[in-house]
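Contents: one structure, followed by commentary.
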Amino acid sequence: MKCCRDIVFDMENVIRQHFRFVGMVQGVGFRCTAQFDARGLGLSGWVKNKSDGSVELEAQGPEAKVAALIKQLKTDCFLNIDSIECRTVPVNPVEHGFRIRF
């Protein structure tokens, strides 16, 4: 049985994107939902509440899976996202797993 750390992506197809979500995104399970969905898609990265009420998230993996994560978050009925900022950041080749940061 393989551990999730044994999953290897073709690094040529891996991207890493940094997102900032604004709206009613704190106190509604956003971080747990993001972690659950990202792990289900085999993505690595992190999610964190910010003091201004927004949530930041970095996701790394195949572009289609990162896009699927954002689509899932946008359609979650408990989250009320007003806007999403996105920028591409360098890939972290040694990162494994998706975690909640505090």
Side-chain angles (χ1 to χ4, degrees):
M1 175 181 241
K2 287 191 173 192
C3 173
C4 62
R5 283 174 264 156
D6 297 329
I7 297 172
V8 178
F9 296 119
D10 175 4
M11 291 305 285
E12 290 183 22
N13 295 320
V14 170
I15 64 164
R16 184 176 189 94
Q17 291 187 312
H18 179 96
F19 298 91
R20 180 174 175 261
F21 298 87
V22 176
M24 290 293 292
V25 292
Q26 289 191 18
V28 293
F30 187 101
R31 292 175 300 159
C32 290
T33 299
Q35 183 181 47
F36 180 82
D37 291 348
R39 286 180 173 176
L41 290 164
L43 299 173
S44 65
W46 54 265
V47 62
K48 178 180 181 177
N49 282 348
K50 300 299 288 180
S51 61
D52 65 0
S54 67
V55 173
E56 286 187 332
L57 179 149
E58 281 195 10
Q60 177 172 291
E63 186 172 3
K65 290 190 177 207
V66 173
L69 172 63
I70 303 309
K71 181 178 180 180
Q72 285 177 231
L73 293 172
K74 287 168 57 175
T75 59
D76 187 289
C77 63
F78 295 106
L79 307 178
N80 187 6
I81 300 168
D82 292 333
S83 66
I84 303 172
E85 299 169 12
C86 175
R87 72 180 196 276
T88 300
V89 294
V91 170
N92 180 347
V94 297
E95 180 180 65
H96 299 287
F98 194 96
R99 67 188 189 284
I100 296 174
R101 285 189 175 175
F102 297 95

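Any value given below was found using the heavy atoms of this structure, including those in side chains, with hydrogens, waters and symmetry copies removed.
- A salt bridge (charged side-chain N to carboxylate O under 4.0 Å, His left out) check over residues 21-49, counting only residues at least two apart or in different chains, returns nothing.
- Here K50 pairs with E56 under the salt bridge (Lys or Arg N to Asp or Glu O under 4.0 Å) rule; sequence neighbours left out.
- Side-chain atoms of Q72 and L41, non-hydrogen and from C-beta on, do get closer than 4.5 Å to each other.
- In terms of hydrophobic clustering, with Ile, Leu, Val, Met, Phe, Trp and Tyr side chains grouped at heavy-atom distances under 4.5 Å, F102 and V47 are assigned to a common cluster.
- Residues I100 and F98 share a single hydrophobic cluster, defined by chaining ILVMFWY side chains whose heavy atoms lie under 4.5 Å apart.
- A distance-only check finds a donor-acceptor pair linking the side chain of Q26 to the backbone of S54 [under 3.5 Å].
- No side-chain heavy atom of V28 sits under 4.5 Å from any side-chain heavy atom of N80.
- Remark: side-chain polar atoms of E63 are not paired, donor with acceptor, to backbone N or O of N13 under 3.5 angstrom.
- Remark: E85 engages R20 in a salt bridge (Lys or Arg N to Asp or Glu O under 4.0 Å) (not counting sequence neighbours).
- When all heavy atoms of A38 and L69 are compared, the pair lying nearest together is N-CD1, 3.7 Å.
- With a 4.5 Å cut-off on side-chain heavy atoms, I70 and F19 count as touching.
- Hydrophobic clustering (ILVMFWY, side-chain heavy atoms < 4.5 Å, transitive): V25 and W46 are in distinct clusters.
- The ring pair (Phe, Tyr, Trp, His ring centres under 6.0 Å) search around F30 returns F21, not counting sequence neighbours.
- Residues forming a salt bridge (Lys or Arg N to Asp or Glu O under 4.0 Å) with R16 (at least two apart in sequence, or on another chain): E58, E95.
- Sorted by first and then second residue, the salt bridge (charged side-chain N to carboxylate O under 4.0 Å, His left out) pairs involving residues 68-84 (not counting sequence neighbours) form an empty list.
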